[in-house]
Amino acid sequence: MANMIVAAVNANPSIVLGLATGGTPTATYANIVEDFRSGKVHFKNVTSFNLDEYIGLSGTHPQSFRHFMQSELFDHIDIDPNNTFVPEGGASDPDAHAVQYEAQIAAAGGIDLQLLGIGHNGHIAFNEPGSSPSTRTRVVELTPSTIEKNARFFASVDEVPKTAITMGIGTILEAKQILLLATGKDKAEAVRRSLKDAASEDVPASWLEQHPDVTFVLDEAAASELSA
Ligand SMILES: N[C@@H]1[C@@H](O)[C@H](O)[C@@H](COP(=O)(O)O)O[C@@H]1O
């Protein structure tokens, strides 16, 4: 995955990247940092937009996605901090901020390459089951199961925010190219349903079937339900 991203940046040094958080892409970011340190890639003219952020967590909160991006990637490469966008969890008017975020993506010319993970229930970004392909960046409520899964990053489940700002499915589908990374048995069912079921709101990642240039990058465990 890191090699694909580095190749894309080298092919277009002013690329607009869409970036994801979560446990899955940490190794990808570590490999990108290594490639930067060995001079294989530069990010001076790159712009990035992250998928989502918890509402109520400021960018300095250790569990905020802004903090994750700084510590896993941005602080270690030469990207211009002014060109790194993550929805602001501390925005005073999150609905207005979501609209503004869409405008910022459009002003940057749209996303060239979008990196995605996948939730165990098939969510992408924080588009939970029930999300339609026309959804845009907006405020959403997290499902109890997502809150429970993400509690592993917090001291207790009560500390996990119940709402978030997320790019919509429609926003994601406008990216020119999409890479979805999934690892582990826990993701096998979501991966199978995304690729094999008819596209529907039940499995938000299944809407990716409608995109012309999507690559799923899977380990064997995540791919284990595909052969049946
Ligand atoms: N909003 C994020 C998603 O962008 C991420 O893809 C997913 C899976 O996370 P993980 O990689 O930790 O399994 O859950 C989170 O809730």
Side-chain angles (χ1 to χ4, degrees), residues 1-2 5 17-32 48-57 59 61-69 71-73 85-89 94 98 101 105 111 113-131 135 137-154 157 159-169 171-173 175 178-195 203-208 214-219 221-224:
M1 176 65 95
I5 296 168
L17 294 175
L19 298 177
T21 54
T24 309
T26 52
T28 302
Y29 294 143
N31 280 297
I32 289 174
S48 71
F49 287 91
N50 263 80
L51 288 165
D52 48 11
E53 181 62 282
Y54 290 115
I55 289 180
L57 302 193
H61 189 287
Q63 267 67 49
S64 72
F65 291 161
R66 163 59 77 177
H67 185 271
F68 173 98
M69 290 309 303
S71 59
E72 299 291 324
L73 184 65
F85 296 85
V86 181
E88 285 172 28
Y101 200 71
I105 294 172
I111 291 168
L113 178 63
Q114 177 68 59
L115 172 58
L116 293 177
I118 186 169
H120 60 287
N121 63 356
H123 73 238
I124 46 175
F126 270 136
N127 293 285
E128 297 278 29
S131 301
T135 46
T137 304
R138 67 203 186 289
V139 172
V140 291
E141 286 188 14
L142 304 182
T143 61
S145 68
T146 294
I147 291 169
E148 215 169 280
K149 283 276 175 190
N150 288 0
R152 67 191 192 280
F153 298 113
F154 292 80
V157 71
E159 287 185 24
V160 184
K162 310 286 181 284
T163 54
I165 299 176
T166 183
M167 281 189 204
I169 302 284
T171 320
I172 292 167
L173 289 176
I178 297 174
L179 302 177
L180 184 147
L181 180 64
T183 55
K185 185 82 191 134
D186 189 41
K187 301 292 173 64
E189 185 187 353
V191 165
R192 171 178 51 78
R193 296 194 65 192
S194 303
L195 292 169
V203 182
S206 65
W207 295 121
L208 297 173
V214 181
T215 305
F216 276 49
V217 180
L218 309 170
D219 70 357
S224 60

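Numbers here simply count residues along the sequence, with the first being 1. Order of appearance sets the numbers: ligands from 1, and atoms from 1 within every ligand.
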(request) Identify the heavy atoms of Ser145 and His120 that sit nearest to each other, and give their distance. (result) OG-NE2, 3.4 Å
(message) Can you name the atoms of ligand 1, numbered from 1 with element, that are less than 4.0 Å from a heavy atom of Ala125?
(response) 1 (N), 2 (C), 3 (C), 4 (O)
(request) State if Lys149 counts as touching ligand 1 under the rule of any non-hydrogen atom under 4.0 Å. (result) no
(message) Contact between ligand 1 and His120 is defined here as a heavy atom of the residue under 4.0 Å from a ligand atom; is it met?
(response) no
(request) With heavy atoms of Arg152 as the reference, note each atom of ligand 1 found under 4.0 Å away. (result) 10 (P), 12 (O), 13 (O)
(request) Heavy-atom contacts with Gly22 under 4.0 Å: which atoms of ligand 1 show up? List them by number with element. (result) 11 (O), 12 (O)
(request) Sort out for me which residue in Ile124, Val214, Leu208, Val203 forms a side-chain contact (heavy atoms from CB on, under 4.5 Å) with Ser194. (result) Val203
(message) Within the structure provided, determine whether Arg152 and Asn150 are in side-chain contact (heavy-atom separation under 4.5 Å).
(response) yes
(request) Return a yes/no value for Asp52: is any of its N or O atoms, backbone included, closer than 3.5 angstrom to an N or O of ligand 1? (result) yes
(request) Considering the heavy atoms of His123, write down every atom of ligand 1 situated less than 4.0 Å from one of them. (result) 7 (C), 14 (O), 15 (C), 16 (O)
(message) Could you identify the single nearest non-hydrogen protein atom to atom 5 (C) of ligand 1 and state the distance to 0.1 Å?
(response) Thr21 O, 4.0 Å
(message) Distance check, rounded to the nearest 0.5 Å: Tyr29 atom OH versus Met1 atom CE?
(response) 9.0 Å
(request) Mark up the atoms of ligand 1 that fall under 4.0 Å of a heavy atom belonging to Thr24, in ascending order. (result) 10 (P), 11 (O), 13 (O)
(request) Would you mind running through ligand 1 and noting each atom that sits below 4.0 Å from a heavy atom of Asn150? (result) 15 (C), 16 (O)
(message) Does any part of the side chain of Phe49, heavy atoms only, come nearer than 4.5 Å to the side chain of Gln114, both counted from C-beta?
(response) no
(request) Check ligand 1 against Gly117 and write out every atom of the ligand that is under 4.0 Å from a heavy-atom position of the residue. (result) 6 (O)
(message) Does ligand 1 come near enough to Gly23 that some N or O of the ligand is less than 3.5 Å from an N or O of the residue?
(response) yes
(message) Please list, in number order, the atoms of ligand 1 under 4.0 Å from a heavy atom of Ile118.
(response) 6 (O), 8 (C)
(request) Identify, with sequence neighbours excluded, every residue that meets salt bridge (charged side-chain N to carboxylate O under 4.0 Å, His left out) alongside Arg193. (result) Asp197
(request) Only counting residues at least two apart or in another chain, list the ones meeting ring-ring contact (aromatic ring centres under 6.0 Å, His included) with Phe154. (result) Tyr54
(request) Inspect the surroundings of CD in Glu159 and state if more than 12 heavy atoms from other residues, nucleotides or ligands are less than 6.0 Å away. (result) yes
(message) Which residue and atom name correspond to the protein heavy atom nearest atom 13 (O) of ligand 1, and how close is it?
(response) Lys187 NZ, 2.6 Å
(request) Output the distance between atom CG (Leu173) and atom CH2 (Trp207), rounded to the nearest 0.5 Å. (result) 9.5 Å
